[in-house]
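Convention: sequence-line order gives letters A, B, ...; per-chain numbering from 1.
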Amino acid sequence: MRKPCCDEEGTNKGTWSKQEDQKLIDYIQTHGEGCWRSLPKAAGLHRCGKSCRLRWINYLKPDIKLGNFAQDEEELIIKLHALLGNRWSLIAGRLPGRTDNEIKNYWNSHIRRKLMKMGIDPENHKLIHLHRPSSSAAAAATSMEKKPNSNNLNLDLTIAFDPSLTPNPNSAEPSHKNNNITTKEMDHQSQSAPTLPLFN
DNA sequence: AACCGGCCCAACCGCCGCCGG
DNA sequence: CCCGGCGGCGGTTGGGCCGGT
């Protein structure tokens with residue numbers, strides 16, 4: 001049985017204090033990232049390694065871009081999600097300064113709701129209730145399809161509906177077990193083809 | 001002013017893949 | 001080849017905030 005990583009007595013949980021942040025920053029600036037397991041003890045932090053890694057990657061790293069998402073970032077997230085599904089780390093890799101956790105939160109709190117309002121299933125990026133055109137959601141979605149710029153979400157919906165752009169029709173499934181695209185492959189793709197077909 | 005419900009988001013949890021022994 | 005440790009990932013939680021009543 002795998003032991004929980006944070007079962008040690010006296011390990012802090014919850015929100016990080018400024019002092020803890022500073023200790024972590026100081027340590028990483030001196031010693032660099034890595035060996036998260038032993039980092040807390042070495043840095044004098046009563047945290048588990050995972051917690052330190054998460055805090056550093058999501059908030060303390062110098063190149064993190066905090067604050068609201070720009071319109072183009074939002075559009076990019078939607079397009080990448082249509083292509084990659086819930087593979088947040090891959091999506092984050094395409095958005096400099098943004099983290100997977102931040103994108104995941106933004107998706108779940110903002111974009112998902114926005115798509116639902118537009119009558120689009122956020123899981124597969126298809127119209128909801130196409131068989132019931134009289135429903136308000138479908139009517140709104142149909143309207144959106146004809147006039148994609150008719151509200152503040154400036155997204156070309158035709159992209160989301162093109163199945164040829166989705167390598168795995170079940171790409172929106174939560175599991176990454178049957179994920180045929182590895183991080184390395186994605187990196188290779190991004191190097192060899194900086195512009196995804198989506199953006200044409 | 002008090003209460004309530006919904007939203008936001010930082011952080012935790014548990015699983016999986018990779019890698020070294 | 002097998003096993004265990006570690007890092008990474010996505011899903012989920014829960015506390016705080018905010019607007020409405």
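Applying the salt bridge (charged side-chain N to carboxylate O under 4.0 Å, His left out) rule to A:D21 yields the partners A:R55; only residues at least two apart in sequence or on another chain are considered. Partners of A:K65 according to the salt bridge (charged side-chain N to carboxylate O under 4.0 Å, His left out) rule, which considers only residues two or more places apart in sequence or in another chain, are A:E73. With sequence neighbours left out, A:D100 forms a side chain to side chain donor-acceptor pair (under 3.5 Å) with no residue at all. Under the side chain to side chain donor-acceptor pair (under 3.5 Å) criterion, A:Y106 pairs with A:E74, sequence neighbours left out. The side chain to side chain donor-acceptor pair (under 3.5 Å) test applied to A:D26 returns A:Q22, not counting sequence neighbours. Under the rule for a side chain to side chain donor-acceptor pair (under 3.5 Å), A:W107 has no partner lying at least two apart in sequence or in another chain. Looking at residues two or more places apart in sequence or on another chain, you find a side-chain contact (heavy atoms from CB on, under 4.5 Å) between A:K23 and A:L45. Listed by chain and number, the residues in a salt bridge (charged side-chain N to carboxylate O under 4.0 Å, His left out) with A:R112 are A:E123 (sequence neighbours excluded).
Residues from residues 52-64 of chain A lying near DNA chain B, meaning a heavy-atom separation below 4.0 Å, are A:L54, A:R55, A:Y59 in numerical order. Near DNA chain B, meaning a heavy atom under 4.0 Å away, the residues from residues 96-110 of chain A are A:N101, A:N105, A:S109, A:H110. Taking a 4.0 Å limit (strictly below) on heavy-atom distances, residues 21-29 of chain A does not reach DNA chain B anywhere.
OP1 and OP2 of C:dG8 both lie 4.0 Å or more from every side-chain N or O belonging to A:W88. Listed pair A:S89 / C:dC9 meets the phosphate criterion, a side-chain N or O lying under 4.0 Å from OP1 or OP2. For C:dG10, neither phosphate oxygen OP1 nor OP2 lies less than 4.0 angstrom from any side-chain nitrogen or oxygen of A:R87.
Taking NZ from A:K41 and SG from A:C52, the interatomic distance works out to 14.0 Å, rounded to the nearest 0.5 Å. To the nearest 0.5 Å, the span separating NE2 on A:H110 from CG on A:L115 amounts to 13.0 Å. Atom CG of A:N12 is separated from atom SG of A:C48 by 10.5 Å, given to the nearest 0.5 angstrom. A distance of 4.5 Å separates CG in A:L80 from CG in A:L76, rounded to the nearest 0.5 Å. The line from CG of A:L39 to NZ of A:K50 is 15.0 Å long, rounded to the nearest 0.5 Å.
Straight-line distance from the NE2 atom of A:H81 to the C1' atom of C:dG11: 13 Å, rounded to whole Å. Look at CZ on A:R112: it is 16 Å from C1' on B:dC9, rounded to the nearest Å. The separation between A:R113 atom CZ and B:dC9 atom P is 11 Å, rounded to whole Å. Distance, A:I111 CD1 to B:dC8 C1': 14 Å, rounded to whole Å. Between A:L39 atom CG and C:dC6 atom P the separation is 13 Å, expressed in whole Å. A straight line from CZ of A:F69 to C1' of B:dC8 spans 13 Å, rounded to a whole angstrom. Atom CG in A:N86 sits about 13 Å away from atom C1' in C:dT12, given to the nearest Å.
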Look for any protein N or O under 3.5 Å of an N or O in nucleotides 14-19 of chain C and output each such pair with its distance, or none.
none

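Inspection of the A:H81 and A:N86 side chains reveals an N or O donor paired with an N or O acceptor under 3.5 Å.
When the nucleotides B:dA11, B:dG14, C:dG10 are ranked by their closest atom to the side chain of A:K50, B:dG14 comes out on top. You'll find that the side chain of A:K13 is closest to B:dC13, out of B:dG14, C:dG7, B:dC13. For A:C35, taking side-chain heavy atoms from C-beta onward, the closest of the listed nucleotides B:dG14, B:dA11, C:dG7 is C:dG7.
Base pairing analysis places C:dG4 opposite B:dC19; the two distances defining the Watson-Crick or G-U wobble pair are each below 3.5 Å.
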